[in-house]
Amino acid sequence: MSEEEKAPRLEGIRYETEVVTSTNMADYFLRDYEIVRRAKTMGGVITPTGRGSAVSYFTNMLLGFSSVDRFSIPVEMFPDRFISADRILSGSLPDIDLNVANEEVFQQAQAEVLGPWRSAPMVAFGTLKRLSAWKMYCRAANVPFEVANRVAGQLKAYEQAVRYAEEDARDAIQVTDYVPEEYRELIARSEMYMGMVDSIAPHPCAHLLCREDIRREIGVIRLNSKGGKKKTVYAAFIDGATAEAFGYLKNDLLHVDVVKVNREAFARAGKEMPDVGELLRLTKDDPAAWRMYAEGFTMGLNQVH
């Protein structure tokens, strides 16, 4: 690497190090380094591309959380999207997202590095949306079944329209376009139930990291996990918004099967799995590969590529 290539990297390292040390966040990065290193020795598989804003931090590449070198890719990335001194001091904490093939290995690594009950899955609260709030209101206010059922169908049509609309067109879709004027006052009354917590489940990826015993510091709750394989999960009784409000750190361990598929495919082919830089070099003169993104085939591409 030439001196010209080294200069921006050294400047980036100095800038990021100053942010991390001046906000007293160094322990978080060092702990996650040990967690990821330990998980890899136990067979843990982590995506080389990383996920979320953590990829924009050169320090995270140096620590092994991704293989993305923000100084060598064609798309400009901004480290302040991940953390900045102002954001940290105002209460917005860093949040390293890790796409992994076997999250149970990383959970075990967290427990070994931090100690027993110093890490645990967090909870996710399910809240009533507009249609569910309407049904709750109808039961509480004894709305006639015929009216409740008719308006529920109209609200379902409204929600489907919002779901399938282009993002920039969603704000233009109004519930009043689907519900006749005679029922709009009832709809307005039912809105008091929107946001009410009606379920609790283990968070699909968020894990609380704590210096103290979570059972005593936060409290835990026994829950059944969702999905095909039902299992009992002991989760920290705290959600993401509350954790950030009180200054608790977390890791997101997101299970992504394609990470394992890619690793095994390259192993069977007898080749080293390329990092992000190598992938960009391999596809530089391959318009067919980029056309899959240009034409919106990213869902299939991300799942099986």
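Scope of the values below: all heavy atoms of this structure, side chains included, with no hydrogens, waters or symmetry mates.
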With R130, which residues qualify under salt bridge (charged side-chain N to carboxylate O under 4.0 Å, His left out), at least two apart?
E191

Can you sort out the partners of R38 under salt bridge (charged side-chain N to carboxylate O under 4.0 Å, His left out), two or more places apart, ordered by chain and number?
E112

Non-hydrogen atoms of [X] and [Y] that approach each other most closely:
X: N262; Y: M273; value: CB-CE, 3.5 Å
X: R215; Y: V220; value: CG-CG1, 4.0 Å
X: N224; Y: P202; value: O-CD, 3.7 Å
X: Q110; Y: S119; value: CB-OG, 3.5 Å
X: R118; Y: I214; value: C-CD1, 3.6 Å
X: G12; Y: R70; value: CA-NH2, 4.0 Å

Measure the [atom1]-[atom2] distance between [X] and [Y] for me, rounded to the nearest 0.5 Å.
X: I96; Y: R31; atom1: CD1; atom2: CZ; value: 13.5 Å
X: L131; Y: M194; atom1: CG; atom2: CE; value: 10.5 Å
X: F145; Y: R150; atom1: CZ; atom2: CZ; value: 10.5 Å
X: Y137; Y: R189; atom1: OH; atom2: CZ; value: 4.5 Å
X: N102; Y: Q107; atom1: CG; atom2: CD; value: 10.5 Å
X: S22; Y: L89; atom1: OG; atom2: CG; value: 7.0 Å

Ring geometry between F29 and Y57 (parallel below 30°, tilted from 30 to 60°, perpendicular above 60°)
parallel

Tell me whether [X] is salt-bridged to [Y], with the criterion being a basic N under 4.0 Å from an acidic carboxylate O.
X: E264; Y: R268; value: no
X: D213; Y: R216; value: yes
X: R37; Y: E34; value: yes
X: D252; Y: K250; value: yes
X: D69; Y: R9; value: yes
X: E278; Y: R281; value: yes
X: R14; Y: E11; value: no

Is there a side-chain contact between [X] and [Y], using heavy atoms and a 4.5 Å cut-off?
X: L93; Y: D95; value: no
X: V105; Y: M42; value: yes
X: P121; Y: H203; value: no
X: L249; Y: P94; value: yes
X: D97; Y: L254; value: no
X: R222; Y: T232; value: yes
X: T47; Y: V256; value: no
X: I187; Y: V151; value: yes

Please check this pair: side chain of [X] against backbone of [Y], looking for a donor-acceptor N/O pair closer than 3.5 Å.
X: E16; Y: T59; value: yes
X: R211; Y: L114; value: no
X: T242; Y: I238; value: no
X: S56; Y: F78; value: yes
X: S92; Y: I88; value: no
X: W134; Y: L155; value: no
X: R184; Y: V179; value: yes

For the ring pair (Phe, Tyr, Trp, His ring centres under 6.0 Å) test, which of F82, F71, F65, Y15 pairs with F58?
F71

Within 6.0 angstrom of [X] [atom1], more than 12 heavy atoms from elsewhere:
X: Y33; atom1: OH; result: no
X: R87; atom1: CZ; result: yes
X: E5; atom1: CD; result: yes
X: R81; atom1: CZ; result: no

Kindly work out whether a path of hydrophobic side-chain contacts (I/L/V/M/F/W/Y, heavy atoms less than 4.5 Å apart) joins [X] to [Y].
X: V143; Y: Y158; answer: yes
X: Y193; Y: V175; answer: yes
X: I218; Y: L223; answer: no
X: Y234; Y: M122; answer: yes
X: I83; Y: M25; answer: yes

Side chain to side chain contact (heavy atoms under 4.5 Å, CB included) assessment of L209 paired with N251:
CA-CA 7 Å; L209 308 180; N251 276 343; 3.6 Å; yes

How far apart are the C-alpha atoms of E159 and K156, what are their side-chain angles, what is the distance that settles it, and do they pass the salt bridge (charged side-chain N to carboxylate O under 4.0 Å, His left out) test?
CA-CA 5 Å; E159 291 186 345; K156 188 176 295 184; over 6 Å; no

The test is side chain to side chain contact (heavy atoms under 4.5 Å, CB included); show your working for N60 and V55 and say whether it passes.
CA-CA 7 Å; N60 289 335; V55 179; over 6 Å; no

Candidate pair V20 and Y28, rule side chain to side chain contact (heavy atoms under 4.5 Å, CB included), full reasoning:
CA-CA 9 Å; V20 171; Y28 177 55; over 6 Å; no

I need the full list of salt bridge (Lys or Arg N to Asp or Glu O under 4.0 Å) pairs touching residues 164-183, with sequence neighbours left out, sorted by first then second residue.
none

As a quick check of understanding, evaluate side chain to side chain contact (heavy atoms under 4.5 Å, CB included) for L63 and D32, giving each step before the final call.
CA-CA 9 Å; L63 294 175; D32 261 345; over 6 Å; no

